[in-house]
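Just so you know, these numbers come straight off a predicted model, no measurement behind them. In what follows, chains carry the letters A, B, and so on, assigned in the order in which the sequence lines appear, proteins first and then strands, with residues in each chain numbered from 1.
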2 protein chains.
Amino acid sequence: MYSFINKMNFYSCLTHEEKAAIQGCVDSKHYFAKGQTLARAGEKPDRINIVTEGWACRFKSAHDGTDQAISFILPGDQCEDISPIQCSLDHGIRALSDIRITRVDRQKLLSQLTPGSGLTNGLAWASIVDKSIMGEWLLNVTRRPAVMRLAHLLCELFTRSVIIGRTEDNSMYFPLTQVALSEALGLSPVHLNRSLQLLRRRKLVSLSRKTLTILDWQQLAEFADFDNNYLHISGKPPVSLRLAS
Amino acid sequence: MYSFINKMNFYSCLTHEEKAAIQGCVDSKHYFAKGQTLARAGEKPDRINIVTEGWACRFKSAHDGTDQAISFILPGDQCEDISPIQCSLDHGIRALSDIRITRVDRQKLLSQLTPGSGLTNGLAWASIVDKSIMGEWLLNVTRRPAVMRLAHLLCELFTRSVIIGRTEDNSMYFPLTQVALSEALGLSPVHLNRSLQLLRRRKLVSLSRKTLTILDWQQLAEFADFDNNYLHISGKPPVSLRLAS
DNA sequence: CGGGTAATTGACCCGGGTCAACAGCAGTGG
DNA sequence: CCACTGCTGTTGACCCGGGTCAATTACCCG
């Protein structure tokens with residue numbers, strides 16, 4: 001739960017009371033193994049599930065049975081919208097690694113959403129960033145060639161990991177298989193593999209044993225045409241500093 | 001302004017007082033010609049601009065100078081997020097037809113966002129739908145071949161037009177040029193043209209003089225693998241009925 | 001009737017998909 | 001400790017949907 005509060009606190013600024021109040025909404029904790037489905041399209045969940053450890057993804061299934069990932073859920077992210085409106089999911093959610101989840105009482109949490117509260121602002125931020133990311137993915141997938149597309153996604157995921165404090169130097173935990181990456185990027189697994197090899201050959205990244213290391217951030221970001229504006233992190237000194245190095 | 005209130009009222013349910021209060025936030029009205037830029041990436045607008053007549057699009061520019069549309073703005077839609085958080089735009093906005101805009105005072109409007117108010121709920125709905133549409137676009141663009149992709153977008157735009165009451169029988173106002181369509185679908189204008197011709201030859205749609213006519217909704221929707229679930233309109237009888245016909 | 005925008009057509013090409021085989025490696029049970 | 005099994009990653013050969021370039025042809029409006 002620390003991960004969620006930390007994220008809210010990053011975007012907004014929570015008082016001690018607010019943090020405690022959020023803690024008070026916790027209902028239960030759960031564990032899911034890699035590959036398990038956390039939610040299916042059409043469901044109408046009445047709890048909020050927050051991923052506290054591990055990665056998941058939202059995905060939609062196409063006419064031909066293939067899946068497209070529409071976003072990644074990292075520690076601190078919720079599976080459901082936290083909104084007064086409750087509507088059925090239009091996509092599924094799947095664990096991409098073993099994950100830990102904290103379930104929260106929806107009504108209790110909603111009651112914290114008074115105008116101006118830290119939680120209200122934090123969630124508003126998070127929502128804007130989510131939308132921005134989807135816009136950037138749209139651009140990524142339609143306008144950038146495969147290698148660049150992959151490089152861009154790696155930049156994004158590294159930056160997001162920095163934000164939630166899950167990097168160590170230039171390395172990060174990276175549980176995605178090549179198939180999962182290809183489903184996010186709209187590429188075939190085969191071609192994704194070839195693109196990844198190009199990045200490795202250029203000594204921009206190294207990726208093995210679930211660890212991604214950025215070998216040359218400047219070069220990688222430039223190559224990917226990566227501009228972190230869309231993540232709306234400007235004015236968050238700790239992160240800016242980390243990324244400048 | 002009617003278009004915006006009507007949209008909020010469609011998703012939520014506004015009292016007379018609420019409608020009047022929204023009207024009270026109106027600041028000024030403006031006109032923009034087709035092709036004009038309403039906003040640029042990086043700007044931090046402090047007014048809310050609501051399109052009341054005509055179409056616009058949000059777009060992002062790629063490394064090679066081409067643009068990708070990331071969503072369409074129809075009458076009743078706002079250009080800016082209505083959120084306590086104010087952050088800079090990560091995309092531009094361009095008029096796709098001559099458009100009319102009503103400018104609204106941000107602070108006044110925000111003061112209407114009390115928990116449980118019709119506006120709060122309406123905006124929450126709208127936000128969820130916006131996000132859903134982007135997810136569907138992601139799927140559309142990565143997983144569906146060109147003709148199907150186009151068919152799907154036409155289904156979406158027709159459905160959205162029904163929602164805002166801008167259709168007449170099976171026809172609707174449709175100001176998009178083929179270039180604009182191709183920018184939304186991630187296709188080249190040439191290929192878009194060919195795809196459109198296929199749909200015409202199959203007698204699924206007709207499109208000329210800014211009027212789109214759906215010749216066979218059943219067939220078109222089936223062909224496009226269109227499932228309007230993602231627009232979250234179930235339980236809105238007037239629309240369901242219109243679309244069933 | 002002229003000029004500019006939007007649509008259409010043909011010829012050619014390439015990024016990335018598909019299919020199929022194989023290698024590496026982790027976990028499992030004997 | 002090893003053999004088995006299934007997942008993940010890698011490679012090669014071949015193919016096609018959709019891109020590009022370039023030239024016309026409508027269409028719209030003053």
Check your understanding: Phosphate oxygens OP1/OP2 of dA7(C): is one of them under 4.0 Å from a side-chain N or O of Lys210(B)?
Key -> no

**Study point:** Under 4.0 angstrom between Arg200(B) side-chain N/O and dT8(C) OP1 or OP2
**Key:** yes

Study note, to complete from the structure: Note: chain B reaches DNA chain D at heavy-atom distances under 4.0 Å over the stretch, first to last nt, 5' to 3', of dG18(D) to dC28(D)

**Study point:** Positions of residues 174-191 of chain B (non-hydrogen atom under 4.0 Å from DNA chain C), listed by number
**Key:** Thr177(B), Gln178(B), Val190(B)

Review point. Do any of residues 140-150 of chain B sit with a heavy atom less than 4.0 Å from DNA chain C, and if so which?
Key: none

Review point. Asn193(A) CG to dG24(C) C1': how many Å, rounded?
Key: 13 Å

Revision key, fill the gap. Per nearest nucleotide of DNA chain C, the residue lying toward the 5' end, Leu192(A) or Arg209(A), is Leu192(A)

Above 12 or not: heavy atoms from other molecules or residues under 6.0 Å from [atom1] of [X]?
X	atom1	answer
Tyr2(B)	OH	no
Arg40(A)	CZ	no
Arg202(B)	CZ	no

**Study point:** Phe72(A) and Trp137(A) aromatic centres sub-6.0 Å
**Key:** yes

Check your understanding: Where does the angle between the aromatic ring planes of Phe32(A) and His30(A) fall among parallel (under 30°), tilted (30 to 60°) and perpendicular (over 60°)?
Key -> tilted

Review point. Are Asp77(B) and Arg160(B) close enough, and set up right, to give a salt bridge (Lys or Arg N to Asp or Glu O under 4.0 Å), and what steps lead you there?
Key: CA-CA 11 Å; Asp77(B) 294 335; Arg160(B) 287 180 62 184; 2.9 Å; yes

Check your understanding: salt bridge (charged side-chain N to carboxylate O under 4.0 Å, His left out) with Glu136(B): which of Arg149(B), Arg143(B), Arg144(B)?
Key -> Arg144(B)

Check your understanding: Between Tyr173(B) and Arg166(B), is there a cation-pi geometry (under 6.0 Å to ring centre, at most 45° from the normal)?
Key -> no

Point to revise | Salt bridge Asp67(A)-Lys60(A), side-chain N to carboxylate O under 4.0 Å | key: no

Check your understanding: Does one side chain, of Asn49(B) or Glu80(B), offer a donor that lies under 3.5 Å from an acceptor on the other?
Key -> yes

